[in-house]
Structure formats: structure tokens, C-alpha cells
Amino acid sequence: MNSTPAPRPVTRRQFLGRVSAASALALAPRSLFAQAAAGRKLGVALVGLGGYSTGQLGPALRLTSHCQLTGVVTGSVEKGKKWAADYGFPETSIYDYSTMARLADNPAIDIVYVVTPNGLHAEHAIAAAQAGKHVICEKPMANTVADCDAIIAACQKAGVRLGIGYRLHYDPTHAELRRLARTQEFGPFLKMDGGFGFTMGRSQWRAQKKLAGGGPLMDLGVYVLQEALMASGEVPPVALTARELPKLRPEFFVDVEETIEWTLEFANGARATGWTSYNANRNDFRAEAKDGWYEISSAYGYKGQKAVTSRGPVTVTPPASQQALQMDAFARDVLDGTPSLVPGEMGRRDMVMVEAIYASAAAGGKRVELKF
Ligand code: NAD
């Protein structure tokens with residue numbers, strides 16, 4: 001272990017390409033500051049009223065202080081009417097996917113939150129930006145890096161903010177681990193191993209390449225990649241190798257992987273191994289540094305994180321809703337002109353790794369150098 005070269009200093013900026021506070025401030029229209037001062041909550045429209053919107057984001061928007069649900073984009077008028085009645089916004093704020101341009105005429109909607117299948121994120125995020133709305137895009141950001149670039153370009157062109165739905169950045173347990181990693185409280189990062197998987201029980205878009213972009217790597221593996229980057233203090237890996245495991249249900253996972261594993265290599269010699277599957281359960285990671293370690297189980301869920309470090313358990317008060325904290329933070333960033341913890345560049349970064357994992361696995365585990 002002593003032979004491990006010292007890591008480069010933590011340089012989040014180098015990697016995230018975050019909008020500087022000054023330029024972010026310039027993006028916030030003057031009227032937003034007046035609205036913040038007056039205590040108006042920013043209006044959010046959810047695009048796609050499926051499981052995540054219904055079970056998590058809608059309820060979370062009842063708990064937020066700086067934003068509230070003021071519209072929806074849905075393929076079902078009936079569903080839209082029910083949401084309007086439940087959440088108290090006018091039926092004129094119900095849109096369908098082909099009428100998103102009309103969002104431009106609705107001053108009650110400031111933020112559009114894209115919660116559709118991955119392969120539709122780019123189309124819907126770009127439509128929202130072109131309507132002049134700030135955009136939150138669910139993870140994974142898009143099916144390809146090229147689509148991520150198109151979303152970022154559309155938001156820049158429209159002068160709107162862009163954030164990714166990386167809710168764990170706002171979870172207090174993860175925030176504490178992130179702090180420990182960033183400040184190198186246990187010394188230089190050496191290795192990490194993590195996995196996230198469950199058994200997918202029914203056929204759905206998540207097993208279709210066109211809509212999902214891939215299999216569990218797109219859906220679950222991105223969380224494990226996020227934790228590896230957390231452990232490295234957001235210093236990017238330089239290369240990776242990957243291997244797809246044989247399918248147990250090939251008839252179900254026709255054009256996407258069922259299980260895949262990878263190893264990230266960092267410039268300082270550190271390694272991060274990851275695993276994800278739609279056919280087995282796992283939900284954890286462990287990171288080791290020179291002078292200590294930390295690990296977490298129930299790592300990636302909406303609640304129930306259990307973290308322990310070499311110094312003892314991490315005790316934090318669990319939040320009522322990670323999603324409420326995440327959306328409030330985005331609203332505050334819009335209002336205050338502060339940079340996001342989870343900018344579009346971070347979503348794009350993760351897709352660079354995802355594409356490289358698929359490329360390595362397709363090439364029989366060949367080492368792929370990473371260019372971000
Ligand atoms: P879902 O299948 O439950 O809902 C998808 C919604 O998109 C449905 O309302 C569906 O009608 C709509 N839709 C529009 N066009 C569609 C089309 N062509 N095919 C299929 N559906 C279409 O999915 P979900 O679980 O709500 O996931 C949506 C997004 O949210 C995904 O990108 C997913 O990765 C993300 N998500 C994030 C988290 C998180 O914790 N951050 C959790 C769950 C899902």
C-alpha cells in the first residue's frame with residue numbers, strides 16, 4: 001500500500017465543468033430574485049406521470065419550500081385531470097408530449113422535470129429548454145453522450161439551468177460520506193467496490209434498448225459509478241475494463257445486458273469495481289482509503305441507508321424525502337444563481353463511462369481509455 005503514489009489534489013471543477021457562480025448568476029432573470037424575495041415558489045411541471053412521478057416526485061412536491069407542482073405533461077388527459085385536481089393546478093396546465101412548445105406561454109411553470117423513459121429524455125429536455133424553462137432531467141441523462149451534448153447545448157442556448165435527478169447528493173448519509181471522501185479524512189482513496197441489482201419481474205421499457213439505452217447499467221449501474229466518483233473525490237478515472245456476464249433469461253433481455261461488471265482505473269493507482277444486474281439483489285458499496293474505510297448498505301434507496309466507517313457508525317437524521325431536498329436545492333439554485341451539485345456535465349460524465357463500459361464488454365474486456 002505504501003507504494004501507491006500520492007493522488008492528485010481533489011479538483012471537482014476540473015471534472016464537473018460547473019457553471020461558475022458568476023455566470024450562473026447572470027442566467028437568473030432579475031424577476032426571479034424579486035419572486036424569491038416575495039416568497040413565491042417556483043412552478044414545476046412533471047413530464048411523464050409513471051411510477052417515479054406518482055410514487056416519489058409528486059408527493060415530494062407537497063413537502064418542498066421553494067417549488068410546487070403547477071403542471072404536467074402526459075399522454076393521458078384523464079390522468080392529467082386527476083393530477084390537476086389532486087395538486088390544485090388548472091387544467092390549462094396539462095400538456096401532452098407534442099404540445100410542450102406551448103409551455104412557453106405559461107408563466108406559472110418555471111421548471112420542467114423530465115421523468116420519461118431514458119431514450120426520450122433528450123427530446124423532452126430539449127423541448128423544455130426551447131420553451132424557456134429550466135430543466136431537471138432524470139438519470140441516466142440520455143441514451144448516448146451525443147444526446148447529453150445536445151441537451152447541454154439546448155439549455156445553454158436558451159439560457160436556462162440544467163440539473164440531473166441525482167437525489168443521493170441530497171441524502172444526508174451520502175453527503176457525510178461525500179464530505180469524508182472530499183476532505184480525504186481517511187487519506188488518499190485506494191479502492192472501492194459496489195453493486196446495485198434486483199430481479200426485474202415484468203417486461204417493460206427498461207429491457208428495451210431503444211427506450212432504455214441498455215440494461216441495468218443505465219438504470220442502476222449509474223448509481224455505482226456515482227459512488228466511485230464520490231470515493232475518488234470527483235477525480236475522474238483514466239481507463240476501465242468491463243465484462244458482461246452470461247444471461248440467465250436471454251428471452252427477456254434480448255438486446256440489453258442482464259448483468260455486467262467493470263473496473264475503473266484512477267491515475268493514482270486506485271481501482272473501483274462495480275456490478276449491476278436485473279437478475280440478482282445487491283445494494284451496497286465499500287470504499288477504502290490509506291487510513292480508513294467506509295461502507296453503506298441499502299445504499300441507493302429512497303431511505304434506510306446504513307453507513308459505517310472505520311471510526312464507527314454514521315448517525316444522521318434521515319430526511320422526509322430525498323426528492324424534496326433535491327428539487328428545493330434546484331429551485332434555490334435557480335433563484336440564487338448558485339451552481340448545481342448535479343449539473344448536466346455530471347450526467348454527461350457518467351454517460352461517457354457507461355459508453356466505455358459497453359465498448360469494453362463488447363470488445364471482450366479490452367481496456368478503454370476515458371476521454372471526458
Ligand atoms: P415508468 O415506466 O413508471 O413511467 C414512464 C412514464 O413515461 C409513463 O407515464 C409513460 O406513460 C411515459 N411515457 C411516455 N412516452 C413513453 C413511451 N414511448 N414508452 C413508455 N412510456 C412512455 O418509469 P419510471 O420508473 O417513472 O422512470 C422514468 C424515469 O425516471 C427513468 O429515466 C428512470 O431512470 C427515472 N427514475 C429515477 C429514479 C430515481 O431514483 N432518481 C427512480 C425511478 C425512475
Side-chain angles (χ1 to χ4, degrees), residues 44-61 69 71-83 94-100 112-128 135-144 147-148 151 163-171 174 196-198 200-227 256 276 278 283 298-305 319 321-327 329-330 341-342 344 346-347 350-351 354:
V44 177
L46 294 174
V47 185
L49 303 178
Y52 193 51
S53 287
T54 306
Q56 302 300 326
L57 298 176
L61 282 162
L69 189 65
V72 291
V73 180
T74 172
S76 160
V77 178
E78 286 317 305
K79 206 190 255 188
K81 285 182 177 172
K82 183 164 183 330
W83 277 69
I94 303 170
Y95 300 83
D96 68 40
Y97 301 107
S98 63
T99 59
M100 284 183 68
V112 167
Y113 195 153
V114 177
V115 204
T116 45
N118 313 339
L120 302 172
H121 288 181
E123 177 187 332
H124 296 149
I126 290 167
V135 179
I136 309 176
C137 181
E138 254 315 317
K139 48 55 60 178
M141 182 171 171
N143 273 10
T144 62
D147 277 354
C148 296
I151 296 173
I164 307 301
Y166 285 140
R167 60 185 161 75
L168 290 180
H169 282 256
Y170 303 94
D171 175 76
H174 282 264
F196 192 13
F198 64 80
M200 171 116 73
R202 65 191 169 91
S203 179
Q204 51 161 292
W205 63 263
R206 281 183 167 79
Q208 297 167 29
K209 187 161 185 184
K210 187 160 181 271
L211 282 173
L217 178 59
M218 293 290 288
D219 187 21
L220 311 177
V222 287
Y223 287 98
V224 184
L225 290 170
Q226 280 261 308
E227 303 300 16
V256 300
T276 186
Y278 273 153
N283 189 341
S298 299
Y300 312 106
Y302 303 142
K303 54 186 170 190
Q305 280 76 22
S321 162
Q322 294 168 349
Q323 291 84 356
L325 294 177
Q326 171 212 322
M327 289 187 283
F330 186 82
L341 284 179
V342 290
M346 180 183 268
D350 295 346
M351 275 310 300
V354 164

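The structure presented is a predicted model; accordingly, all values stated were derived computationally and were not measured. Counting starts at 1 for both ligands and their atoms, in listed order.
- Contact of the Asp350 side chain with the Tyr166 side chain is registered, since non-hydrogen atoms from C-beta on lie closer than 4.5 Å.
- Scanning the protein for heavy atoms near atom 42 (C) of ligand 1, the closest one is Tyr52 CD1, 3.2 Å.
- Contacts of Trp205 with ligand 1, taken as heavy-atom pairs under 4.0 Å, involve the side chain alone.
- Residue contact check for ligand 1: Gly75 places no non-hydrogen atom closer than 4.0 Å to it.
- From the protein, the heavy atom lying nearest to atom 41 (N) of ligand 1 is Glu138 OE1, 3.0 Å.
- Residue contacts with ligand 1 include Tyr302, since one of its heavy atoms falls under 4.0 Å from the ligand.
- Contact between Tyr223 and ligand 1 is present, with at least one heavy atom of the residue lying under 4.0 Å from the ligand.
- Here Ile151 contributes atom CD1 and Ile126 contributes atom CD1; the two are 6.0 Å apart, rounded to the nearest 0.5 Å.
- Between Leu49 and Val73, the closest heavy-atom pair is CG-O, 4.5 Å.
- Of the protein's non-hydrogen atoms, the one nearest atom 18 (N) of ligand 1 is Leu120 CD1, 3.7 Å.
- Taking distance alone, with nitrogen or oxygen atoms compared against 3.5 Å, Ser53 stays at or beyond that limit from ligand 1.
- Taking only nitrogen or oxygen atoms, main chain and side chain alike, Gly51 reaches within less than 3.5 Å of ligand 1.
- Per-residue contacts place Leu211 under 4.0 angstrom from the following atoms of ligand 1 (heavy atoms of the residue considered): 19 (N).
- The shortest N or O to N or O distance between Gly48 and ligand 1 is not below 3.5 Å.
- In this structure, the side chain of Thr116 does not engage the main chain of Gly48 through any donor-acceptor pair within 3.5 Å.
- Protein heavy atom in closest approach to atom 25 (O) of ligand 1: Arg206 NH2, 2.8 Å.
- Ring planes of Tyr223 and Phe196: perpendicular class, angle over 60° (limits at 30 and 60°).
- Remark: the Gln323 side chain and the Tyr52 side chain contain an N/O donor-acceptor pair separated by less than 3.5 Å.
- The backbone N or O of Cys137 sits nowhere less than 3.5 Å from a side-chain atom of His121 that would complete a donor-acceptor pair.
- Distance from atom 9 (O) of ligand 1 to its nearest protein heavy atom, with residue and atom name: Gly50 N, 3.1 Å.
- Contact annotation for His121 and ligand 1: only side-chain heavy atoms (C-beta onward) come within less than 4.0 Å of the ligand.
- Within the listing of ligand 1, atoms 41 (N) sit less than 4.0 angstrom from a heavy atom of Gly165.
- For Asp96 (side chain) and Val77 (main-chain N/O), no donor-acceptor pair under 3.5 Å exists by modelled atom type.
- Rounding to the nearest 0.5 Å gives a distance of 10.0 Å between NZ of Lys139 and CG of Leu168.
- When only non-hydrogen protein atoms are considered, atom 40 (O) of ligand 1 lies nearest to Arg167 NE, 2.6 Å.
- Once rounded to the nearest 0.5 Å, the distance linking CD of Gln322 with NE2 of His169 reads 11.5 Å.
- To the nearest 0.5 Å, the span separating OG1 on Thr74 from OH on Tyr95 amounts to 14.0 Å.
- Checked by atom type and distance alone, the side chain of Arg167 pairs as donor or acceptor with a backbone atom of Gly301 at under 3.5 Å.
- The nearest heavy-atom contact from the protein to atom 28 (C) of ligand 1 is Val115 O, 3.2 Å.
- Within a 4.0 Å radius of atom 11 (O) of ligand 1, the protein contributes no non-hydrogen atoms.
- Scanning the protein for heavy atoms near atom 14 (C) of ligand 1, the closest one is Tyr97 OH, 3.3 Å.
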